[in-house]
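Comments concern the structure below.
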Amino acid sequence: MSQQGDVNLPPKYDPQAVEKGRYQYWVDNKLFEAEGDTTKEPFTIVIPPPNVTGKLHIGHAWDTTLQDIITRIKRMQGYDVLYLPGMDHAGIATQAKVEAKLRETGVSRYELGRESFLQQAWDWKEEYAEFIREQWAKLGLGLDYSRERFTLDDGLSDAVREVFVQLYEKDLIYRGEYIINWDPATQTALSDIEVEYKDVQGHFYHMKYPLTDGTGDIEVATTRPETMLGDTAVAVHPDDERYQHLIGKTVTLPIIGREIEIVADDYVDMGFGSGAVKITPAHDPNDFELGNRHDLERVLVMNEDGSMNENAGKYQGMDRFECRKQIVKDLQESGVLFNIEEHMHAVGHSERSGAVVEPYLSTQWFVNMQPLADAAVELQHGSDEEKVHFIPDRFEKTYLHWMENIRDWCISRQLWWGHRIPAWYHKETKEMYVGKEAPADIENWEQDEDVLDTWFSSALWPFSTLNWPDTEDKDFQHFFPTNTLVTGYDIIFFWVARMIFQSKHFNDQRPFKDVLIHGLVRDAEGRKMSKSLGNGVDPMDVVDQYGADSLRYFLATGSSPGQDVRFHWEKVEASWNFINKIWNASRFALMNMDGLRYEDIDLSGDKSVADHWILTRLNETIEQVTRNVDRYDFGEAGRYLYNFIWDDFCDWYIEMAKLPLYGDDEAAKLTTRSILAYTLDQMMRMLHPFMPFVTEEIWQQLPHEGESIVTAHWPVVNQDLANKATANIMKKLVAIIRSVRNIRAEVDAPLSKEIPILIQAESAETKVQLEENRVYLDHFCNPSELTIATSIQAPEKAMSAVVTGAEIYLPLEGLIDIEKEVARLEAELEKLNQEVERVDKKLANDGFVNKAPAHIVDAEKEKQKDYMEKREKVKTRIDELQN
RNA sequence: GGGCGAUUAGUUCAGCGGGAGAACGCUUGGUCGACAACCAAGAGGUCACUGGUUCGAUCCCAGUAUCGCCCA
């Protein structure tokens with residue numbers, strides 16, 4: 001009693017107070033810094049670098065929580081852990097933000113100039129990088145800041161140039177004219193996967209192009225009538241009998257008046273529409289290919305901003321959609337356009353700006369993907385030691401399918417913020433030079449204006465951050481390849497796939513052994529969180545309200561691998577409740593520690609049934625939690641911890657521990673305190689990766705050894721402390737206590753009311769076991785008188801219950817309603833009848849008895865015996881009551 | 001058109017060959033020394049549908065339906 005005032009834990013868990021200053025302590029003591037100790041086994045995770053555009057969203061919180069859990073476990077398991085932080089310059093997104101900021105001051109980037117604009121972008125980067133680091137700190141991420149990197153820093157820029165030049169020299173990068181996805185809003189090229197296809201209700205415009213010789217016309221159709229201004233052919237299928245006589249003839253393009261040829265090409269689908277297709281090589285990828293085969297002219301009719309150019313004749317200067325309206329009107333008037341159908345079709349939109357993407361002829365840089373993809377696919381067909389393991393493994397199919405159907409990657413972007421392409425053009429000779437360094441006579445050259453796709457640098461992240469191309473570097477040697485990459489399924493193509501082929505090409509090995517794929521955080525209705533819906537949840541708001549530990553536990557345990565998770569505040573609150581429970585269980589233990597030190601912990605003394613049982617359960621929990629975290633199943637691991645802590649430790653062990661703690665037996669007190677301290681210590685260690693702040697706080701107050709729980713050892717099963725036989729007695733006690741509580745609830749006899757209790761033990765052994773533990777029965781059942789015997793005569797008017805190995809009678813003369821009790825017992829009997837019937841049927845089946853594994857059959861026989869015994873007793877009891 | 005996922009208690013989700021689980025919500029009762037954001041007891045489910053494999057299917061296979069995602 002006298003010790004209870006010393007405890008430093010308030011009765012309610014307050015995350016703000018617990019988390020304050022804790023992260024700084026970890027960082028100051030360099031607990032997250034990798035040692036670079038080559039005698040230790042390394043374990044590496046590189047953070048997926050967040051964009052420096054702004055704040056982290058809740059998806060980042062999920063992603064990094066998983067990484068932090070994995071690295072904290074590995075650190076506790078003795079690995080030399082590197083969790084490497086960093087950020088991504090995010091070309092388009094960041095430039096857009098900086099430009100938006102500039103616009104407020106009325107200045108365009110062109111007015112400002114490239115150099116000054118980049119300076120502003122760097123200022124922006126510094127500001128947001130600091131903001132992001134604060135958010136990492138709030139989430140408790142164990143990052144090694146001494147190795148933090150940025151995709152545009154000197155080292156990574158060097159790696160990017162090295163990769164570009166090497167690929168160029170092997171003809172794996174080329175510059176060429178091609179139909180690319182053009183975003184007229186941001187005025188840059190996009191790679192194929194930056195285009196989102198959405199079904200849009202549009203129109204199918206049917207037109208007749210007149211034959212030049214005046215003998216008729218040919219019908220074509222299009223969804224984009226304005227592109228007709230750039231038509232340079234009409235194509236039909238070579239086998240199409242309808243058009244045989246027209247092949248080689250020409251039509252006169254309406255409005256423009258250009259004479260264009262009718263060509264035959266088996267790309268054309270005879271069954272679709274009229275079977276004749278207008279060909280616009282400068283504005284459609286398929287038409288471009290067809291144009292190459294037939295050596296067609298390429299007529300570009302649009303400017304980069306989406307307005308019509310000089311080739312559009314009288315439409316020059318009009319916006320593309322305005323032009324469409326006008327051209328439809330004009331063609332209708334002239335009778336060329338004779339039919340407009342409603343037509344649902346997929347239209348590409350810029351993933352960044354949302355603008356409708358224009359297939360556009362342009363000179364860009366490309367990666368020649370086929371050889372790189374082939375090697376990556378081959379890697380995946382190698383041994384377990386060579387291939388990348390996707391978790392869940394179904395994502396490997398997604399990845400392989402993409403790799404096997406790869407298309408060239410457009411890597412140039414018409415931006416300023418990014419890695420400028422290391423290519424120079426001679427001012428006089430127009431000769432092109434590609435190299436890591438600028439030509440010596442730089443005054444005669446102009447560098448390519450464009451920068452590289454941001455993903456081109458992120459693709460190198462697992463090795464460029466480890467000082468590649470210096471392959472002799474200590475960190476590269478020790479920490480590469482990395483162990484686990486954690487990311488969402490939405491960027492398998494953007495990032496994961498590209499890291500794999502780049503690493504295969506430049507290091508001849510995988511960049512990481514495992515890829516843990518998670519889903520998206522959705523809102524409570526299951527919708528994707530988005531700015532336009534305004535349904536996003538700021539993880540920092542969650543941390544402010546419930547603490548980082550609650551958020552982390554919710555995110556880590558809220559779903560199964562690869563599945564999406566819905567955000568509900570109630571679930572975060574439930575996590576808080578769990579932590580509050582842990583907090584109070586710890587508080588109880590600390591109030592009763594009586595100054596116990598770590599070295600005083602003594603588990604060798606006489607142990608109670610409860611002691612044996614909780615230690616046995618602890619072992620089982622360590623085993624299950626470890627098994628599940630090893631396979632990245634944090635949901636299951638969390639559930640094992642939750643059940644053990646709340647149901648076993650709090651609801652049963654603590655309640656039972658109160659008996660010795662409030663008693664006079666000093667040896668029993670020491671053992672109980674030791675077990676409380678030991679179990680809590682082990683619990684805190686297992687919980688720590690999930691909820692680092694609160695476990696550190698509690699662990700520091702518990703008897704402990706070592707500087708911080710961050711570097712404490714992960715628990716291992718201790719067979720010396722397992723005692724299943726004794727733990728089984730606990731199960732009988734629990735069954736009896738539950739039955740008594742059940743009956744008390746039935747007859748409205750609260751625990752505070754003393755009632756006589758009789759227990760009929762089926763064997764002398766059971767009787768002894770119950771006698772030895774009658775102190776628990778006294779405490780939890782509150783009997784006026786407790787009789788345990790093997791020869792009890794059932795009282796006439798009594799409530800009763802049957803458990804395995806014993807019958808319980810509660811003679812409650814004044815309270816019992818015979819009719820109700822009979823009804824209750826009959827319901828019980830019905831349940832037992834069903835069970836017996838089910839087991840009988842199973843055991844009567846020869847197929848089952850002969851083919852099922854022996855232990856399953858034995859278990860069924862055991863159940864049959866148990867159910868039948870219980871059933872007989874219940875039957876007898878009903879008879880007694882009715883007579 | 002091709003591929004993938006989901007369908008289990010009122011709600012949100014686990015489980016995935018051998019007696020249907022959790023959280024929240026709901027009903028009843030309980031504050032005396034960790035916690036009322038707590039404790040105790042309880043109600044609530046043809047595991048979407050149809051076949052197949054198996055001694056045995058919520059679980060494996062095939063198909064159907066509905067919803068969602070990715071690719072073309």
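Since we're looking at a predicted model, the values are computed, not measured.
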To the side chain of [X], which of [options] is closest?
X: A:Arg566; options: B:A34, B:G5, B:U12; result: B:U12
X: A:Phe588; options: B:C70, B:A72, B:A34; result: B:A34
X: A:Trp576; options: B:A37, B:A23, B:C69; result: B:A37
X: A:Asn584; options: B:G15, B:C35, B:C55; result: B:C35
X: A:Lys581; options: B:C71, B:C39, B:G18; result: B:C39
X: A:Phe848; options: B:U12, B:G15, B:G18; result: B:G18
X: A:Ala745; options: B:C55, B:G15, B:A41; result: B:A41
X: A:Cys650; options: B:A41, B:C71, B:A34; result: B:A34
X: A:Lys397; options: B:C4, B:C70, B:A37; result: B:C4
X: A:Asn577; options: B:C24, B:C13, B:C71; result: B:C24

Who is the Watson-Crick or G-U wobble partner of [N], with both distances under 3.5 Å?
N: B:A34; value: none
N: B:C16; value: none
N: B:U7; value: B:A65
N: B:U58; value: none
N: B:C26; value: B:G42
N: B:U53; value: none
N: B:G1; value: B:C71

For the residue pair [X] and [Y], confirm or rule out a side-chain donor-acceptor distance under 3.5 Å.
X: A:Glu860; Y: A:Gln864; answer: no
X: A:Asn742; Y: A:Ser739; answer: no
X: A:Asp541; Y: A:Gln545; answer: no
X: A:Asp611; Y: A:Tyr653; answer: yes

OP1 or OP2 of [N] versus the side-chain N and O atoms of [X]: is any pair under 4.0 Å?
X: A:Tyr662; N: B:A34; answer: yes
X: A:Arg744; N: B:G29; answer: no
X: A:Arg741; N: B:C39; answer: no
X: A:Ser560; N: B:A14; answer: yes
X: A:Lys571; N: B:U11; answer: no
X: A:Asn742; N: B:G42; answer: yes
X: A:Trp646; N: B:A23; answer: no
X: A:Lys841; N: B:G56; answer: no

Next on the checklist: Can you classify the ring geometry of A:Trp652 versus A:Phe780 as parallel (below 30°), tilted (30 to 60°) or perpendicular (above 60°)?
Outcome noted: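 A:Trp652 vs A:Phe780 ring planes: tilted.
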
Looking only at atom [atom1], what distance separates [N] and [M], rounded to whole Å?
N: B:A9; M: B:U46; atom1: P; answer: 8 Å
N: B:C13; M: B:G25; atom1: C1'; answer: 14 Å
N: B:U11; M: B:A62; atom1: P; answer: 30 Å
N: B:U28; M: B:C61; atom1: C1'; answer: 47 Å
N: B:C60; M: B:U53; atom1: C1'; answer: 8 Å
N: B:U54; M: B:A65; atom1: P; answer: 27 Å
N: B:G18; M: B:C59; atom1: C1'; answer: 12 Å
N: B:A14; M: B:G29; atom1: P; answer: 36 Å

Next on the checklist: I need the A:Glu358 CD to A:Asp284 CG distance, nearest 0.5 Å.
Outcome noted: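 Going from CD on A:Glu358 over to CG on A:Asp284, the span is 10.0 Å.
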
In whole Å, what is the span from the [atom1] atom of [X] to the [atom2] atom of [N]?
X: A:Met591; N: B:C32; atom1: CE; atom2: C1'; value: 14 Å
X: A:Asp840; N: B:G56; atom1: CG; atom2: P; value: 18 Å
X: A:Gln624; N: B:G15; atom1: CD; atom2: P; value: 14 Å
X: A:Trp569; N: B:C24; atom1: CH2; atom2: C1'; value: 17 Å
X: A:Leu843; N: B:C55; atom1: CG; atom2: P; value: 17 Å

Item to check | Which residue lies more 5' along RNA chain B, comparing A:Ile856 with A:Trp402 via nearest heavy atoms | outcome: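 Mapping each residue to its closest nucleotide by heavy atoms, the 5'-most match is A:Ile856.
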
Checklist entry - Hey, which of these two, A:Asp647 or A:Asp651, hits RNA chain B nearer its 5' end, going by closest nucleotide? => result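 Of the two residues, A:Asp647 wins.
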
Next on the checklist: If you take the centroid of each ring, where Trp contributes its six-membered ring, are A:Phe567 and A:Trp569 closer together than 6.0 Å?
Outcome noted: yes

Checklist entry - Hey, are A:Arg824 and A:Glu821 close enough for a salt bridge, meaning a charged N less than 4.0 Å from a carboxylate O? => result yes

